[in-house]
J.: 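So that we are looking at the same thing, I have put the structure below in structure tokens.
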Amino acid sequence: MSPALINANPVVYEKKERPVRTRPGDAAFDEYATELIDQLEFDCICIWFVLFLMFLHHIRDIKDPEHPYSLEELKVITEDAVEVDDKRSYVRVTFTPTVEHCSMATIIGLCLRVKLMRSLPSRFKVDIKVAPGTHATEDAVNKQLNDKERVAAALENPNLVDMVDECLTPSFE
Amino acid sequence: MTSIEEEGLQLKELQTLTGHTDRVWGLAWNPVTGTAGHPSMLASCGGDKTVRIWQQQQQTPNSTSFHSLEVLEEIHTRTVRSCVWSPSGEKLATASFDATTAILEQNGNGFECVSTLEGHENEVKSVSWNASGSLLATCSRDKCVWIWEVLPGNEFDCVSVLQGHTQDVKMVQWHPTVDVLFSCSYDNTIKVWAEDGDSDDWRCVQTLNESNCGHSSTVWAISFNATGEKMVTCSDDLTIKVWGVDIARLQSGDTNASWEGIIATGAADDAICLFIESEDHSVDGPKYKLLLKKEKAHDMDINAVRWSPTENRLLASASDDGTIKIWKLDSIA
């Protein structure tokens, strides 16, 4: 099976990454997101945070000529980062958050997991990992992303599910 | 030593119970059924938010005929993570991601919820009754363990909120003979809680972590042998550890005469493994060996395995594939 099993939707990561990295006034977003997400709990996310995110969704399509990012340049997901062993029904995805303390790492990982859950036959065992050395709290993020019970509980949180669905909805430019 | 023949054992699949519409998280055999003419009764719970009661109609050497006795849908508003019968078999406690623990009782009309225990801040992962049924323990992602006193009239009073774990507590399990509580957690440790004789305060009397031979990742489950002299734990670190429990006082009473001490495990490799104590002891203590491995026991992760407390060598397993399977450990014939 070709390693490019996931046609990783570049829009997902671009959407999440560019605002965090380039937008002035994102300090507030970053700070609040860090506070919430870096608790490393899939806690209930406030409605206004979701609204803020959706606001960013509208403005992120404005191209920033100084920073023309493509998925390859962002290198969030590369071909080597997807391992598939069809015979053993095993998939491993390694993703690289663009910023070392990226507070969206857990959400990105969750989106990946949901995407794979919806696309792969149920026989597949999936590991989602942050690329080693790319995140300040990679062990903690990895542990949370690969705890089936924690993921299941998180996906019962309607706000979180909406956010994930939002991320996975393809958009066309 | 066990009376298990070394060769020629198999895990025979007797029945697959379907009905759950999402993964099955937990299973519990009713401890007073399956003997003296009472048909076996099994409770299950899962991601479809239901608690299901199954009852056996008859058993032949090659099959069992469990049928669905009741499907309880209105008990919880989120995933039901675990269920456990009281020692008397009269009550069923169910722990849910909706942050509550429900107490169910069977009356003429079926099962109904007679009490709801609230207090945890978020998902309740596990619940356990002590040996006499006078105490209940629950644990949650809120890192706390709650101890409840069981009072007449289905009243439950919280007697202690135990803090100590630094992360999500995955399971609580009372010792089978003394009122000592064990808990295991996402923080990789196992904690032992006992009541302080003088002050009636519950406190942590021991923590088993990596520095004293403990696990190096999330500890998911704890189980004791019949006498409580041995404890077995399993973990995300891919190991199963057997511990010696130094409990001086053993309660005399009925022990299952055919107790063989087989450890049954289910895992995310879709397999059931059975382990027994090996005859060759080393200088350091007992050794355990794999008795058999049933590959592809289910189509997906196995979340729980439970031996029947009354019917010899009968095992139930619960899986992400939404089914429960009933197995018999039998000689290959």
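What you see is a predicted model; the values in this text were computed from it and never measured.
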J.: Strictly distance-based, threshold 3.5 Å: is any side-chain N or O of B:Arg78 a donor or acceptor partner for the main-chain N or O of A:Asn157?
T.: no
J.: With salt bridge (charged side-chain N to carboxylate O under 4.0 Å, His left out) as the criterion, how do A:Arg150 and B:Glu123 come out once you've worked through the C-alpha distance, each side chain's angles and the decisive distance to 0.1 Å?
T.: CA-CA 10 Å; A:Arg150 292 287 282 265; B:Glu123 299 94 51; 5.8 Å; no
J.: Distance from B:Asp236 atom CG to A:Asp147 atom CG, nearest 0.5 Å?
T.: 7.5 Å
J.: Quick one: pull up CZ in A:Arg123 and NZ in B:Lys296 and give me the separation to the nearest 0.5 Å.
T.: 9.0 Å
J.: Report the C-alpha distance between A:Lys143 and B:Gln167 in whole Å, list the side-chain angles of each, state the deciding distance to 0.1 Å, and finish with yes or no for side chain to side chain contact (heavy atoms under 4.5 Å, CB included).
T.: CA-CA 12 Å; A:Lys143 192 170 184 178; B:Gln167 295 274 7; over 6 Å; no
J.: Show the nearest heavy-atom pair for residues B:Tyr186 and A:Ala140, with the distance to one decimal.
T.: OH-O, 4.2 Å
J.: Is it true that B:Lys170 and A:Glu149 have a side-chain N and a carboxylate O under 4.0 angstrom from each other?
T.: yes
J.: Given A:Lys125, which partner from the list B:Asp270, B:Asp269, B:Asp320 fulfils the salt bridge (charged side-chain N to carboxylate O under 4.0 Å, His left out) test?
T.: B:Asp270
J.: Counting neighbours of NZ on B:Lys325 that are heavy atoms of other residues, nucleotides or ligands and sit closer than 6.0 Å, is the number greater than 12?
T.: yes
J.: Between B:Asn303, B:Asp321, B:Thr79, B:Asp299, which has the largest tally of heavy atom pairs under 4.5 Å with chain A?
T.: B:Thr79
